[in-house]
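The structure under discussion appears below in the form of structure tokens.
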Amino acid sequence: MNRLKTCFDKLRTQKRAALIPFITAGDPTQTLTVPLMHGLVEAGADVIELGVPFSDPMADGPVIQRASERALNQGTSLRDVLEMVKTFRAQNQTTPIVLMGYLNPIEIMGYETFVQAADSVGVDGVLTVDLPPEEATDFCLLLHTHTIAPIFLLAPTTIPERIKHICTQASGYLYYVSLKGVTGDAHIDMTSVAEKVKEIRQYTKLPIGVGFGIKDVESATQVAKVSDAVIVGSALVKLIETEPQEKLLEIMPAFVRELRKGMDTSL
Amino acid sequence: MFDNKNKLISPTRVKICGITRPQDALLAAKLGADAIGLVFYKKSSRAVSVKQAQSIIQALPPFVTVVGLFVNAEPTFVQDILAKLPLELLQFHGEESPDYCSHFDKPYIKALRMRSGIDIQSSAQEYSEAKALLLDTYVQGVKGGTGVPFNWQEVPLLLSKPIIVAGGLTPNNVSRAIMALHPYAVDVSGGVESTKGIKDADKMSAFLFEAKDFPQKHSKGASMSIAKSFSIQDTQSLPDKNGHFGPYGGIFVPETLIQPLKELQQAYQHYFKDSAFLAELNDDLHHFVGRPSPLYHAARWSERLGGAQIYLKREDLNHTGAHKVNNTVGQALLAKRMGKNRIIAETGAGQHGVATATVAARFGMECVVYMGSEDIKRQAINVYRMRLLGAEVRPVESGSKTLKDALNEAMRDWVTHVDNTFYIIGTVAGPHPYPVMVRDFQAVIGRETRQQIKVLTGCLPDVLIACVGGGSNAIGLFYSFLDDKGITMYGVEAAGDGLETGHHAAPLCTSKPGVLHGNRTYLMSDKNGQVIETHSISAGLDYPGVGPEHAWLKDMGRVKYVAATDSEALDAFHDLTRLEGIIPALESSHALAYCKKIAPTLDKDKIIVVNLSGRGDKDIHTVAALEGIEI
């Protein structure tokens, strides 16, 4: 069974929301990525979104753009990212890994090659930011035959008819983009997020995660109350820029631990 | 919309005017005329009485429209005629007002005399109830029947009313008129007569043959496939509803932009058929941009090269100095209609940024232009121009700090301010509907060229050449000619230091398909799918992707894509400057460089049209620096 399903089923019985941290593979160094992933899991991460660096990340704000640039400066390729997942899986066979990135690296590697490799190293879901469901039919079929979940975004601008359609295409979980903007943008409006999540629930039994703009314990706690998963990217990645590299293995898990604590105590 | 986009399949209707005898009317009908005209204007040598008219009408078989022609007649006179005769359509040939024309409760057509400076588009709006506009030659003091054709180049190409061409048509020139203007109908009188008012059977027969047979002759040629699976139907049905040109194009954007793109697509489809929108667009293209741009015979350069005759489509003479403004005017008008008051754009060399800032100033809109910080350093003058025009130029520091990063940043801005912002993309790339929309706004280049070259030379060109960065000037020129299988087209990419060096911007010549900036197309990316930095002496060609329609035309073999190096472009830049007194943009110089290669290989009676997409004033610092001159 797909690790994502097992993970969310378990959380559902515990009535807890999942905490999903995002980091870019290869940032700040390729050697640090796998230890960071383990550290995040130990601190309470339920799923890890692993960013595949891309030269032109048009949906990302400056923090994740710079993470991508750092990773590319290390020469991090999609193959390297798959290799990191493989290394991670040697020690952890349960925590779901979702690759998040842009289409071109996959297009150039070849869809079949990519999906087979992703399956063999233990990837559980793939979120391709610039691949809407209309263009993803063949890719989704491939992913499904390898029980990898295609994860799709829903946005404040997505109309009901389309939400319905996307829900039929997606598996694993749905990623609701909490605001009109890029990753790491300003404030999220909790009232409208709660309303939209409620609306999406009419169309699906899949877990609904919320991301973009969640930056601290308070926002994470609030989002946890209305959704099934809290996705935190820029706020975490920012620590790589502000903190000394040798301390990241302490500081990043510590931040995740705080979020987890906040989310759990508010239950 | 009644444009003259090559609807060769639909035959042109023919009206034989000034019929005075039943036998002429009968013969006209037999030969296939669609309408006859009866002149109720006493001063005309072809005027008929009510009695004469009755016998003519009686002789006619069904399905031939009878048109009554009047010139500044008293309303009671017209009413009296209408009471006595079953006229189906009225034609007003004088200074009748719209109210007057509508007064008789009959469908009517309004004749316009083509004096210089006439604004046909506003007449089309003024006579909103007219079924069509009839365009006739203006000769002072003469109302119709002048026997001289007017300058067909003066007719705008996207009119909101059908047009009927009259004035000096004969069996010898009617097919040229049809080819140049693609009118709804042609109107002939003196051109098929032996003496005033008496029609000549042979002339009528020849005229109808030329007018009616013409489309068939040409569609037969065009319908033969150019490459496998490439036919009229293919070009006209592409892209599909999701913006695909074969495997290329499409919509590859984050979810937040899907709905705004759908709304844009709907608005675009709606307004591109809306006569008021088209009228405003044409008006701005004419009065603000300065269209039509001339088609210029570069005689000295042609002679120097010793081969084909080279004609330059002078887009450099547009307001702001390049073809870019054709598109920004269109998109800004669309933004206005959609109620968006904030315009954003990306720019490389600054030409599209300037064209956008220009229309934003013209329409009083807020304007933000994203520009790579590297480009800002290289193009200080354009940056200042944009600021003078009231635009905010935002430097982009991410990635390679050039055009592609500016595009990323503009997308990010759009995602964030999607409610009030219209993103004006400058080329035929990006997510659907941008490639098709920008193409349609730029297609005016080819439509004009088609008309102009026919008038200048009497035939279509043999070769078309345009430079290709994103490809908007090239598709603008090519689009109207895609179905003419005899015409060879070259898209010239930037070979930079040479294709073999890797320092170039020639995805079609060197790369394979990938996905960037919302569409699938040929893309310069490395083995890991990371987009690579490009190089070209001309900032406007310095882009790793290309419009998806070009990708398709390449695969279909319809357009040949070649490349010219920096130094070849520079040579052509100097040649044109010295021999023709025209300083071309470095972008356009790539097209000229390829022209320089092939013109000498062609016979002197062959015709090459090069799209001179922009003027070179912006490049003189670059050229001077290369020659070690500081200015």
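Each chain gets a letter, A, B and so on, in the order the sequences are listed, and its residues count up from 1. As the structure is a computational prediction, the values presented were derived from the model and not from experiment. As a basis for the values below, the full set of heavy atoms in this structure was taken, side chains included, without hydrogen atoms, waters or symmetry mates.
- Summarising the geometry of B:G529 relative to A:N104, their closest heavy-atom pair is O-ND2, 2.9 Å, with the distance given to 0.1 Å.
- If you measure heavy-atom distances from A:L154 to chain B, the contacts under 4.5 Å come from the backbone alone.
- Going from atom NZ of B:K527 over to atom CG of A:L78 covers 12.0 Å, rounded to the nearest 0.5 Å.
- Both the backbone and the side chain of B:V531 come within contact range of chain A, judged by heavy atoms closer than 4.5 Å.
- Neither the backbone nor the side chain of B:H417 comes within contact range of chain A, judged by heavy atoms closer than 4.5 Å.
- Here the closest non-hydrogen pair linking A:T157 and B:V418 is CG2-CG1, 4.3 Å.
- Between the CG atom of A:L103 and the CG atom of B:L516 there is a distance of 10.5 Å, given to the nearest 0.5 Å.
- When A:D80, A:V177, A:I159 are compared by the number of non-hydrogen pairs under 4.5 Å with chain B, A:I159 comes out ahead.
- When the heavy atoms of residues 108-117 of chain A are compared with those of chain B, the residues falling under 4.5 Å are A:I108, A:Y111, listed by number.
- In summary, the side chains of B:Q259 and A:T158 do not present any donor paired with an acceptor at a separation below 3.5 Å, with no hydrogens or angles considered.
- The two residues B:I251 and A:E135 come nearest to each other via the heavy atoms N-OE2, 3.1 Å.
- By a heavy-atom distance cut of under 4.5 Å, A:P53, A:F54, A:S55, A:D56, A:P57, A:M58, A:A59, A:D60, A:Q65, A:E69, A:L72 are the residues of residues 50-75 of chain A near chain B, going up by number.
- Across all their heavy atoms, A:L153 and B:E255 have their closest contact at O-CG, 3.4 Å.
- Residue pairs meeting the salt bridge (charged side-chain N to carboxylate O under 4.0 Å, His left out) criterion with at least one member in residues 503-519 of chain B: none, sequence neighbours excluded.
- For B:I532, no part sits under 4.5 Å from any heavy atom of chain A, backbone or side chain.
- Residue contact with chain A, scored on non-hydrogen atoms closer than 4.5 Å, involves the side chain of B:E409 exclusively.
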For residues 202-210 of chain A, which side-chain donor-acceptor pairs fall under 3.5 Å, sequence neighbours excluded?
from   : atom 1 : to     : atom 2 : distance (Å)
A:T204 : OG1    : A:L206 : N      : 2.9

